[in-house]
2 protein chains.
Amino acid sequence: MSFDDQLPPKTRLLRAAAELLANSDGSPVSTRQITKLAGVTAPTLYHHFGDKEGLFDAVVAAGFEEYVAGERDFAPSGEPLEDVRRMWDNHVQFGLTQPHLYLVMFGNIRPESRPAIVADAESLLEEMLSKAAIAGQINVPPREAARSILAANVGVTLMLIAEPLEDRNLELSTMTRDSMIFAVSTETARGAAADDSGKSSVVVAAIALNAALQASHSDQLSSSELKLFLEWLHRISSSS
Amino acid sequence: MSFDDQLPPKTRLLRAAAELLANSDGSPVSTRQITKLAGVTAPTLYHHFGDKEGLFDAVVAAGFEEYVAGERDFAPSGEPLEDVRRMWDNHVQFGLTQPHLYLVMFGNIRPESRPAIVADAESLLEEMLSKAAIAGQINVPPREAARSILAANVGVTLMLIAEPLEDRNLELSTMTRDSMIFAVSTETARGAAADDSGKSSVVVAAIALNAALQASHSDQLSSSELKLFLEWLHRISSSS
DNA sequence: TAGCACCTATAGCAACGCTATATGAAGTGA
DNA sequence: TCACTTCATATAGCGTTGCTATAGGTGCTA
């Protein structure tokens, strides 16, 4: 009926909220349910978390830790784009196993907590994409690529969550994933060769150099020189 | 204070709900607010719509009509993939101008109404993609392509909605859009490059950029800027 | 022992979604 | 014209929600 009485009320509240949130089929979870399961009374909740939303934020933060841990856990394969694929799949998997947590994290607009979470997820991806950029494997700046891929990843995951379980088709995920990665990558594992002027190769090289510079802290240029240099690089990178 | 008394209560309820939903900054809208603005009492709402959710569904349905109308309004350009681009942009625009409506439509899981809406949006896209398929312009079945593109479209739109208005960057949309379309299309308007021997370092990238720049006559930099830029490049390239 | 944070409980408020019941208006058939 | 049905609206109030004013314990330090 109630929770482990040894644990402090704050922890019991967190666990109770997480459990109820996970098992509620989309229906809202009331503070009374939570406090009853945790074996405490209302003011305790508000003392520790200020708000119902505050409690949920704490639950989400915990869930996000789990998500990030999942994203970091596998060792780099040496093939950055392959790792990006695994990060994508891990993201989808997290959304499907914890749909309610995921919805609070990504399916809502909550100007306070959401951008931070999104930014974190983005930088995880960007980190990996930077490696790909250094290896000259992508033709788009890592930051933009990360934003774009993450957006598609979120969209796919929400789509799958909303779909009834029986006709949930993961092919949507793999197809969209590979489309996005293919689009930003320099591999031309596609038919007809390319002719185009050297312009896009300039862009690729500029992006690669930019990423490499970020990673290496080269000291060949003074900081003021470097600043201007990077600005020019960016200008070159973002030419059409 | 109240709404046009000439209109039937049902219509007034719909308009009041739509107006309040549009102007509420994410905060929930109560039935009491709605009935007060519409100038009716509670049972009237429940007589016509059964439910608060029923009323909201009706509002969403109206909003969806508007969305579909927007998707259909422009005449086909004869270039199906170009039309897909415009549908994408229209979708994003709809989401940004009616964020709360959009969130109810796409950012939630509501097993009843959502799949129908999604299916409709999907078939609009699929219709257009079928034309592209007939013209041999895509290399993926239209249905799968539509699902995939729509998922990415939704993800991007939610991303943009969640972003604070001042640093909302539509480039995310166009880039993701073109990535998705490029990935499913048979056109290979892609640059060469991807020559690199695999070893990646600042030096290699700098050399590559240097060579590429020599060959391409990029006009992103003025001649004086270019001169200094190349000098720095050389300094970086000849570092130990 | 006194004082002081900290934490928790009792009790209850205002607002919420919703409804049992009643009343009015409008049409229909004899 | 009159009962009868049907649809639409209103009065009043139920149960639940998120939240809080207030007070009581508990364990420290002085």
Side-chain angles (χ1 to χ4, degrees), chain A residues 1-61 100 103-104 108-113, chain B residues 1-61 100 103-104 108-113:
Chain A
M1 162 186 169
S2 164
F3 248 76
D4 188 353
D5 286 351
Q6 305 298 57
L7 272 48
K10 189 170 179 180
T11 309
R12 281 184 290 170
L13 277 168
L14 270 174
R15 298 210 182 161
E19 182 174 320
L20 288 174
L21 215 51
N23 298 350
S24 78
D25 318 329
S27 54
V29 178
S30 72
T31 58
R32 280 173 170 80
Q33 287 177 268
I34 298 172
T35 54
K36 185 181 175 188
L37 179 60
V40 298
T41 51
T44 307
L45 190 161
Y46 294 93
H47 173 71
H48 286 292
F49 299 100
D51 225 347
K52 183 188 185 182
E53 225 174 72
L55 171 57
F56 281 17
D57 282 349
V59 173
V60 165
H100 302 97
L103 278 181
V104 178
N108 246 325
I109 36 170
R110 296 248 310 291
E112 313 125 30
S113 66
Chain B
M1 165 184 173
S2 165
F3 248 74
D4 187 352
D5 288 351
Q6 305 297 57
L7 272 47
K10 189 170 178 177
T11 310
R12 279 184 293 169
L13 276 169
L14 270 175
R15 299 210 180 163
E19 180 175 322
L20 288 175
L21 215 51
N23 298 351
S24 80
D25 318 327
S27 54
V29 178
S30 72
T31 58
R32 283 173 169 84
Q33 287 177 270
I34 297 173
T35 54
K36 184 181 176 186
L37 179 60
V40 298
T41 51
T44 307
L45 189 162
Y46 294 92
H47 173 72
H48 287 291
F49 300 99
D51 226 346
K52 183 189 184 181
E53 223 174 74
L55 172 56
F56 280 18
D57 281 350
V59 173
V60 166
H100 302 95
L103 277 181
V104 178
N108 246 325
I109 37 170
R110 297 247 311 290
E112 312 125 30
S113 66

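First the proteins, then the strands, lettered A, B, ... as listed; each starts at 1.
- Note: A/T41 OG1 to A/H47 NE2 = 11.5 Å, rounded to the nearest 0.5 Å.
- Applying the side chain to side chain donor-acceptor pair (under 3.5 Å) rule to A/S30 yields the partners A/Q33; only residues at least two apart in sequence or on another chain are considered.
- Between A/L55 atom CG and A/H48 atom NE2 the span is 11.0 Å, to the nearest 0.5 Å.
- Taking only side-chain nitrogens and oxygens, A/Y46 comes nearer than 4.0 Å to OP1 or OP2 of D/dC19.
- The outermost nucleotides of DNA chain C lying under 4.0 Å from heavy atoms of chain A, listed 5' to 3', are C/dC7 to C/dG12.
- In plain terms, the two heavy atoms of A/P9 and A/T44 that are nearest each other are CB-CG2, 4.0 Å.
- Proximity of a side-chain donor or acceptor of B/K52 to a complementary backbone N or O of B/L45 within less than 3.5 Å is not detected.
- Across the protein-nucleic acid pair, B/K52 atom NZ and D/dT17 atom P stand 15 Å apart, rounded to whole Å.
- A donor-acceptor contact shorter than 3.5 Å links the side chain of B/T35 to the backbone of B/T31.
- The distance between atom CZ of B/R32 and atom C1' of D/dC14, rounded to the nearest whole Å, is 11 Å.
- Rounded to an integer number of Å, the gap from CG of A/L20 to P of D/dT17 is 12 Å.
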Self-check item: A/F56 vs A/D51, side-chain contact (heavy atoms from CB on, under 4.5 Å): CA-CA, chis, key distance, verdict
Solution: CA-CA 9 Å; A/F56 281 17; A/D51 225 347; over 6 Å; no
Quiz item: Between B/L14 and B/F49, does a side-chain contact (heavy atoms from CB on, under 4.5 Å) hold up when you go through it step by step?
Solution: CA-CA 10 Å; B/L14 270 175; B/F49 300 99; 3.9 Å; yes
Which protein N or O atoms sit under 3.5 Å from an N or O of nucleotides 8-10 of chain D?
{"from": "D/dA8", "atom 1": "OP2", "to": "B/H47", "atom 2": "NE2", "distance (Å)": "2.9"}
{"from": "D/dT9", "atom 1": "OP2", "to": "B/H48", "atom 2": "NE2", "distance (Å)": "2.7"}
{"from": "D/dA10", "atom 1": "OP2", "to": "B/T41", "atom 2": "N", "distance (Å)": "3.0"}
{"from": "D/dA10", "atom 1": "OP2", "to": "B/T41", "atom 2": "OG1", "distance (Å)": "2.7"}
{"from": "D/dA10", "atom 1": "OP2", "to": "B/T44", "atom 2": "OG1", "distance (Å)": "3.3"}

